[in-house]
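Numbers here are sequence positions counted from 1.
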Amino acid sequence: MKTVKNEEMRKEYKREDLGKGIRGKYFEEYKKGTNLVLLSPDVAEAFPDDASVNEALRSLMKIARQSRGLTKRSTGSRLASRSR
């Protein structure tokens, strides 16, 4: 790309001034995606960094798994056999 001696913006640019484009240059990175999440200000105040957010979410996932496991056990055939 040619450099412009004058540091001001031009009124108009031509396609040739921008250099040759490369098709799909960022495609692989785009395919990977991101998991960026915007936290509400009140939630963000509670977490100083990304590590603390991850730790809290992992704890919540663990509790959810444990409580889901208890629910599965409590609705089994053992309850039906007690009522007989």
Side-chain angles (χ1 to χ4, degrees):
M1 181 166 35
K2 298 178 183 178
T3 58
V4 179
K5 293 179 184 177
N6 190 354
E7 294 295 322
E8 295 178 22
M9 295 284 293
R10 296 181 188 176
K11 290 182 183 178
E12 187 176 324
Y13 286 85
K14 296 181 182 176
R15 178 67 184 109
E16 307 86 54
D17 296 336
L18 301 176
K20 183 179 178 184
I22 300 171
R23 185 172 177 86
K25 182 177 181 179
Y26 299 104
F27 180 71
E28 288 302 319
E29 288 298 317
Y30 174 77
K31 240 177 29 176
K32 290 179 188 175
T34 67
N35 287 337
L36 295 178
V37 177
L38 180 62
L39 300 178
S40 298
D42 60 325
V43 176
E45 285 179 16
F47 300 101
D49 56 14
D50 58 339
S52 61
V53 173
N54 287 329
E55 182 181 346
L57 290 174
R58 285 187 185 105
S59 297
L60 183 60
M61 289 168 39
K62 182 178 178 182
I63 291 169
R65 275 189 230 112
Q66 290 172 347
S67 65
R68 184 176 52 196
L70 292 174
T71 303
K72 284 182 181 177
R73 280 183 256 145
S74 64
T75 59
S77 62
R78 291 173 62 189
L79 292 177
S81 65
R82 287 184 186 173
S83 63
R84 289 182 191 175

*asked:* Among residues at least two apart in sequence or on other chains, which ones pass side-chain hydrogen bond (donor to acceptor under 3.5 Å, both in side chains) with Lys32?
replied: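 Scan of Lys32 (side-chain hydrogen bond (donor to acceptor under 3.5 Å, both in side chains), adjacent residues dropped) gives Glu29.
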*Residues two or more places apart in sequence or in another chain: which of them pass salt bridge (charged side-chain N to carboxylate O under 4.0 Å, His left out) with Lys31?*
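Result, salt bridge (charged side-chain N to carboxylate O under 4.0 Å, His left out) vs Lys31: Glu28.
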*Do Phe47 and Leu57 belong together in a cluster built from hydrophobic side chains that touch within less than 4.5 Å?*
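Yes, because Phe47 and Leu57 connect within a single hydrophobic cluster, where side-chain heavy atoms sit under 4.5 Å apart.
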*What's the shortest heavy-atom distance between Arg10 and Tyr13, and which atoms?*
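So the two residues come closest at N-OH, 3.5 Å.
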*Pro48 to Ser52 - nearest heavy-atom pair and separation*: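 Scanning both residues completely, I find the closest heavy atoms to be CD-OG, 3.3 Å.
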*Out of curiosity, Arg15 CZ to Lys20 NZ, how far, rounded to the nearest 0.5 Å?*
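Spacing of CZ (Arg15) from NZ (Lys20) equals 10.5 Å.
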_Contacts of type side chain to side chain contact (heavy atoms under 4.5 Å, CB included), residue Ser59, not counting sequence neighbours_ =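 Partners of Ser59 by the side chain to side chain contact (heavy atoms under 4.5 Å, CB included) criterion come out as none, since no residue qualifies.
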*Report the residues that fulfil side chain to side chain contact (heavy atoms under 4.5 Å, CB included) with Lys14, sequence neighbours left out, ordered by chain and then residue number.*
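Only Glu16, Asp17 meet the side chain to side chain contact (heavy atoms under 4.5 Å, CB included) criterion with Lys14.
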_Is there a side-chain contact between Val53 and Leu39 in this structure, where contact means two heavy atoms from C-beta onward sitting under 4.5 Å apart?_
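Yes, their side chains come closer than 4.5 Å.
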*asked:* Suppose the criterion is salt bridge (charged side-chain N to carboxylate O under 4.0 Å, His left out): which pairs have a residue in residues 43-63, not counting sequence neighbours?
replied: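 Of all non-adjacent pairs touching residues 43-63, none passes salt bridge (charged side-chain N to carboxylate O under 4.0 Å, His left out).
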